[in-house]
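Scroll down for the structure; my scribbles are underneath it.
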Amino acid sequence: IYVNVLKRTFGMSAIVTFFCLLLGFPLAYLMATQPPRIANVLMIFVVLPFWTSILVRVAAWLVLLQSEGLVNKALMLMGITDHPLQLVFNSTGVYIAMVHILLPFMILPLYSVMKGISPTYVRAALSLGCPPLRSFWKVYFPLALPGVGAGCLLVFILCMGYYITPALLGSPKEQMASYFVAFYTNQTINWGMAAALSAILFGATLVLYMIYTRLVGNQDMASRAR
């Protein structure tokens, strides 16, 4: 039973991390390449969700994604669907809400690293005849890898411990290990089982941190050698 729960926890965390990276990387790149005034305005919009409680944001998504919510009405108004879609109490609602909540934790590490990358590196590659996409992939992206690793690590670790979002927006099939930790702690008072599940999550966090420090350390050594 708990092998499936842990697989679900790690799998959902990986999917949320992937979509946060997919959305956060272009936005962080846009912020890093804009003038300070525009970058500051974009940063305000990125950190704005921190001023609102997670419970309030989850409740807002519950209202937006329900059958009579704004999202379904907009989809039917645009002709994308002719009937309300089931967007809550399944994995779709959980992924949407968790990506929205955790996206700033991906953007901020990426932006802090990208802000220190000089644009002259890419311009030098372009002046030497390297195509734009290849210049970005071979020059800019390797320099941004520490931010990618830090953002992915932070989002993945936070996602593994999420409880309220799957509990409100998901079905029993979307409950993660943190749900069972709370169940054994608050309802059955089985602290041994709760401690065992918590220890597994803690061990997974340590392993991820060790992998990150090893990869980032090798990346720093390689960049210094270059």
Side-chain angles (χ1 to χ4, degrees), residues 4-28 30-31 42-78 80-81 83-111 147-148 150-183 185-187 197-198 201 204-205 208:
N4 292 330
V5 170
L6 293 172
K7 287 181 179 179
R8 183 190 311 148
T9 300
F10 297 140
M12 292 179 67
S13 300
I15 293 174
V16 172
T17 302
F18 171 77
F19 280 105
C20 284
L21 179 61
L22 188 66
L23 297 174
F25 194 95
L27 182 55
L30 176 65
M31 293 170 57
L42 294 176
M43 179 61 70
I44 292 175
F45 285 106
V46 170
V47 301
L48 189 63
F50 289 124
W51 301 348
T52 307
S53 170
I54 293 179
L55 183 60
V56 174
R57 281 181 276 172
V58 174
W61 277 115
L62 186 61
V63 174
L64 291 172
L65 297 176
Q66 61 183 335
S67 298
E68 300 298 326
L70 292 177
V71 174
N72 269 312
K73 287 186 177 180
L75 292 176
M76 289 188 291
L77 185 63
M78 291 184 293
I80 298 177
T81 179
H83 62 279
L85 301 177
Q86 183 65 31
L87 300 176
V88 290
F89 308 123
N90 54 23
S91 59
T92 303
V94 174
Y95 287 137
I96 292 174
M98 292 185 72
V99 168
H100 168 251
I101 293 172
L102 294 173
L103 187 58
F105 294 98
M106 178 66 73
I107 295 174
L108 294 177
L110 284 170
Y111 174 72
V148 173
C152 290
L153 179 69
L154 184 59
V155 171
F156 193 92
I157 290 175
L158 290 174
C159 191
M160 284 195 302
Y162 255 59
Y163 165 70
I164 189 67
T165 306
L168 292 181
L169 290 174
S171 67
K173 296 180 180 180
E174 282 78 41
Q175 301 309 316
M176 302 166 70
S178 55
Y179 172 86
F180 294 93
V181 172
F183 173 78
T185 302
N186 301 325
Q187 298 188 32
L197 290 173
S198 301
L201 294 179
T205 301
L208 290 173

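Residues: numbered from 1 along the sequence shown.
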Practice problem: Go through the steps for Ile96 and Leu169 under the test side chain to side chain contact (heavy atoms under 4.5 Å, CB included), then give the verdict. | Solution: CA-CA 10 Å; Ile96 292 174; Leu169 290 174; over 6 Å; no

Self-check item: Test log, rule side chain to side chain contact (heavy atoms under 4.5 Å, CB included), inputs Leu168 and Leu55
Solution: CA-CA 9 Å; Leu168 292 181; Leu55 183 60; 3.7 Å; yes

Work out which heavy atom in [X] is nearest to a heavy atom in [Y]; give both atom names and the distance.
| X | Y | value |
| --- | --- | --- |
| Leu6 | Ala177 | CD2-CB, 4.2 Å |
| Leu110 | Gly147 | CD2-C, 3.6 Å |
| Pro109 | Leu154 | CG-CD2, 4.5 Å |
| Pro84 | Ser67 | CB-O, 3.6 Å |

For residues [X] and [Y], determine if any side-chain heavy atom of one lies less than 4.5 Å from a side-chain heavy atom of the other.
| X | Y | value |
| --- | --- | --- |
| Tyr111 | Leu30 | no |
| Thr17 | Met106 | yes |
| Trp61 | Leu64 | yes |
| Val99 | Cys20 | yes |
| Val155 | Leu21 | no |

In a table with atom names and distances, give each donor-acceptor pair under 3.5 Å that connects a side chain of residues 156-167 to protein atoms at least two apart or in another chain.
none

For [X], does the [atom1] atom have more than 12 heavy-atom neighbours from other residues, nucleotides or ligands under 6.0 Å away?
| X | atom1 | result |
| --- | --- | --- |
| Glu68 | CD | no |
| Phe10 | CZ | yes |
| Phe45 | CZ | no |

If you round to the nearest 0.5 Å, how far is [atom2] of [Y] from [atom1] of [X]?
| X | Y | atom1 | atom2 | answer |
| --- | --- | --- | --- | --- |
| Met98 | Glu174 | CE | CD | 11.5 Å |
| Lys73 | Gln66 | NZ | CD | 9.0 Å |
| Thr185 | Phe180 | OG1 | CZ | 13.0 Å |
| Leu201 | Thr9 | CG | OG1 | 6.5 Å |
| Leu197 | Phe183 | CG | CZ | 11.5 Å |

Exercise. Check step by step if side chain to side chain contact (heavy atoms under 4.5 Å, CB included) holds for Val46 and Leu27.
Key: CA-CA 10 Å; Val46 170; Leu27 182 55; 4.3 Å; yes

Quiz prompt | Worked verdict on Met12 versus Tyr95 for side chain to side chain contact (heavy atoms under 4.5 Å, CB included) | solution = CA-CA 8 Å; Met12 292 179 67; Tyr95 287 137; 3.5 Å; yes

Quiz item: Sequence neighbours excluded, which residues qualify as side chain to side chain contact (heavy atoms under 4.5 Å, CB included) partners of Leu85?
Solution: Asn72, Leu75, Thr81, His83, Leu87

